[in-house]
Structures are given as C-alpha cells and as structure tokens.
Number of protein chains: 2
Amino acid sequence: MGASDTRRQIVEAADRLFYERGFEATSFADIAEAVGLSRGNFYYHFKAKDEILAAVIERRAAKTHAMLREWEGASESARERIRAFVHILIANKTMIMAHGCPVGTLCSELARLEHVAKNDASGILSLFRDWLARQFAALGRQAEADALALHILMRSQGVAALAAAFRDEEFIRREVEAMEAWLENQCAAASSLKSRPRL
Amino acid sequence: MGASDTRRQIVEAADRLFYERGFEATSFADIAEAVGLSRGNFYYHFKAKDEILAAVIERRAAKTHAMLREWEGASESARERIRAFVHILIANKTMIMAHGCPVGTLCSELARLEHVAKNDASGILSLFRDWLARQFAALGRQAEADALALHILMRSQGVAALAAAFRDEEFIRREVEAMEAWLENQCAAASSLKSRPRL
DNA sequence: GTCTATATGGGGATAGAC
DNA sequence: GTCTATCCCCATATAGAC
C-alpha cells in the first residue's frame, strides 16, 4: 500500500474516532487498530499526535469548504442556501444525538485543553459564520449580516448540544421548523423597509 | 482538620478544576495540589476518581436547586424568573467565555466518554428544563411549556458555546437582549388567546 | 488523617530489524 | 513501509509508617 494511501486511511480513522470519542480519549492504539496497522509504524506517517489532529482539522475544513461551495451551486436563492445549512441538523440527526456537533465538540474540547490548534478548530466554525453572513448580505441585510449569521449558528449549536444531552429527535424537528420560520421572517423583513424583526 | 472539612475542600477544588480543564484532563495530583494534600492521602476520602465526580455532580445539582429556589422567592412573576435564568449568561460572561457552560460542557464530555455518570450530569440540565417549564406553565402556556423551556435552554447553551469559541462579549449581550424580546413576545401571547407566536 | 514509598498500567514516542 | 521491542512518563491506585 502506498504511503499517501495509508496516511489518508489514518486521517479518516482519526477523524471518525476524534468525533465519536474525543481527541484526548482516542489513543494511537485505537487509531492503529482501526486502520489495521502496528503502533510503531505510526510514526513513519505522523511524528506526533498533534500532527494527526492538524491533519484531521484540515480535512474537516476542506470538507466544510466543499459542502458550502456545493450549496452555492445547488441553490438559486440565499434563502434556500441558509435552509440547506439548517437542514444538516435533520440529515445528521442520528450522529448528532449520539456524539453532538463534530465542529462544536472539537472546539469545546480543544479550548479547554488550551490546545495550540484550538483556533484552527474554531476556524471551521468561522467558515460557516462567514458563509452565512454572505447569504444574509445577499438577502439585503448587509448591516446585520454577521449578527444574523451568529444567531443561526448559535441555534444550530444549541440544538446539537441539547439533542445529544436528551437524545430527543422530536426536539430537533421542532427547532428546525422554528429556525425555518425565523428565516422566513428575516426574508420578509428584507423585502419591506419598515419593521425589521429582532433576532 | 476534620475529615468532612477536607472532603468538602476536595470537592470544591475538583468542581472548579473539572469546569476549567474538564474531568479527564484533571488528575488527582492537580486536585491534591489545589487542596494542599498529598496524593496518597486522597484515597482516604475517595476510593476512585469516579467517586469525586459523583460528589461534584451532586454538589452542582444542589447548588442549582438552591439557585432556582432563590429565584422563586426573589421574583413575583414567572416572567421575572425566566429573565433571571437568561441573565446568568451576563453575570457569568467572563467564565463562560473562558470555559463554556459548566453544565453543558460536563454533559458533553461525559456523554462522549460513555461515562456511567452522564445521566446524572444531564439531570442538572433537566432541573433547569423542568423549572423553566413550570414558569411557562405559570404564564398560562401549559400545553407548550416543555417545548418553550427546551427552546430557551437551547439558546442559552448555544450562546455559551459560541461565546467560548469566539470570545465575544458583545455577542452575548445581543443574544440575551434577543432572548428577552422573545420572552416578552411569549408573555404577550399568553394574554391574548389568538396568534400564539412560534418558538 | 496524613504522610512517603511503591506497584501497576496505559499512552506517547523511539530504535532498529526486516 | 511495516514490524517488534523497548523506553519513559504520568496517572490511578495501594501499602504501611507515623
């Protein structure tokens, strides 16, 4: 097997395990076992655990970037694009109820460890934030675009957190519906100049 | 120093460290050092790390219970009580930006570790949930009380998560204001029979 | 109740054979 | 590139003196 292929397999396995169990709780042995590799051979591909983490974060950032670009192409309107974001909660509901939001939980864990990579992790959150802000700006809400982006991002993080704590699928559906209703309100406000709705 | 006094000091130090660094990342040595105790003596008071965790969760649940009861006494209206809940975000903003929500981060960490105490941790979240639901019921919203409680709890969790990720104090203030506006809407809806606002 | 000394195990990391 | 063997450190946990 080629080295780059093995490396890719390691990063994929680490990505999954870091999500399911967390970064700290995942050992080299866990990843090695998942890939079918000996522990010793590991260090041919990665000199330290932090290097695997960096590769995982980079992979997640790239996948996020690709997903956001795909939504750009698939949807005509900014409204539909924001709806696509909100609907990740439904599409990934099983995983979210089991392990939370992959981005949010990693940010939270790295922040607590004061890990050097914590800013890289919250950078993924910023990818969503900036993309959402561009969508709200496209809706004609330039002035409040970032605040609206943070608001919807906050709600998706809150829903993921409680869905994981209570394992409640009905709660996810209800809150996604509420987020859609909120979005419709914001879109309506963009058309009429008076009475901009609050967050 | 009496044994019960030492025990209390251990639990207090562990509570703080579990919050600041997380449960897994905190070692016996860390707690022992904080209390000024030798590692060995530790096992006189707690046979295992899980026992300290149980004591910390119990302490947090008791403090939560006391806080909720205090709000009951201090506020005349259910609306004021719910506002008191929302305002924890402001009162604790420095801690929250540094380490997140004490309840949310513990729930998240224990859920990932598949720790036996994970349900005890989410039990603290349930204390808030049930208390909030009672307040919404007192507002005359019996049918939706639990959904409204989960909604406001979700928002506080989301705000704490993003505030920690972005270290953004202005964001907290803005979202607390939005939560208060949402609450006023819900109160207004309780008085008028028509047009109940969505979440 | 508190200490020091120590056992035990796991996890990160290295050396060197193949 | 992959392996086995090994080192070292740290953390949980125990034993036994004081």
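None of the values given here were measured: they were computed from a predicted structure. To find a chain, count down the sequence lines: A is the first, B the second, and so on, and within it residues start at 1.
- For A/Lys49, counting side-chain heavy atoms from C-beta on, the closest listed nucleotide (C/dA13, C/dT2, D/dT2) is C/dA13.
- Atom pair B/Phe42:CZ and D/dG16:P shows a separation of 22 Å (rounding to whole Å applied).
- Between B/Asp5 atom CG and C/dT2 atom C1' the separation is 15 Å, expressed in whole Å.
- Take the nearest nucleotide of DNA chain C for A/Ala48 and for B/Gly40: the residue whose nucleotide is more 5' is B/Gly40.
- For the pair A/His45 NE2 and D/dG1 P, the computed distance is 8 Å after rounding to whole Å.
- The side chain of B/Ser38 lies closest to C/dT4, out of D/dA13, D/dG1, C/dT4.
- Using a 3.5 Å distance cut-off with no hydrogens or angles, the side chains of A/Arg69 and A/His65 do not pair a donor with an acceptor.
- Set against C/dG12, D/dT12, C/dC3, the side chain of A/Ser27 has C/dG12 as its closest nucleotide.
- A cation-pi arrangement, defined by a distance under 6.0 Å to the six-membered ring centre and an angle within 45 degrees of its axis, is absent between A/Lys47 and A/Phe42.
- A/His115 places its NE2 atom 13 Å from the C1' atom of C/dG12, with the value rounded to the nearest Å.
- Residue A/Thr26 is in sugar-phosphate contact alone, with no base atom involved, counting any heavy-atom pair closer than 4.0 Å across all strands shown.
- There is a side-chain donor-acceptor pair under 3.5 Å between A/Trp131 and A/Glu72.
- One atom, CZ of B/Arg39, and another, C1' of D/dC10, lie 9 Å apart when rounded to the nearest Å.
- The CD1 atom of A/Ile31 sits 14 Å away from the C1' atom of C/dA13 (whole-angstrom rounding).
- Spacing between atom CD of A/Glu33 and atom C1' of C/dG10 amounts to 15 Å, rounded to whole angstrom units.
- Put simply, CZ on B/Phe28 is 20 Å from P on C/dA7, counting in whole angstrom units.
- Proximity note for A/Tyr43 (side chain, C-beta onward) versus D/dG1, D/dT12, C/dG12: the nearest is C/dG12.
- The phosphate of D/dG1 (OP1 or OP2) has no side-chain N or O of A/Thr6 nearer than 4.0 angstrom.
- The aromatic ring centroids of A/Phe171 and A/Phe166 lie 6.0 Å or more from each other.
- Closest approach to the B/Asn41 side chain among C/dC3, D/dT2, C/dA13 is made by C/dC3 (side chain taken as heavy atoms from C-beta onward).
- Among the atoms of the strands shown, base atoms are found under 4.0 Å from some heavy atom of B/Tyr44.
- For the 3.5 Å distance criterion, the side chains of A/Ser27 and A/Asp30 qualify, holding a donor opposite an acceptor.
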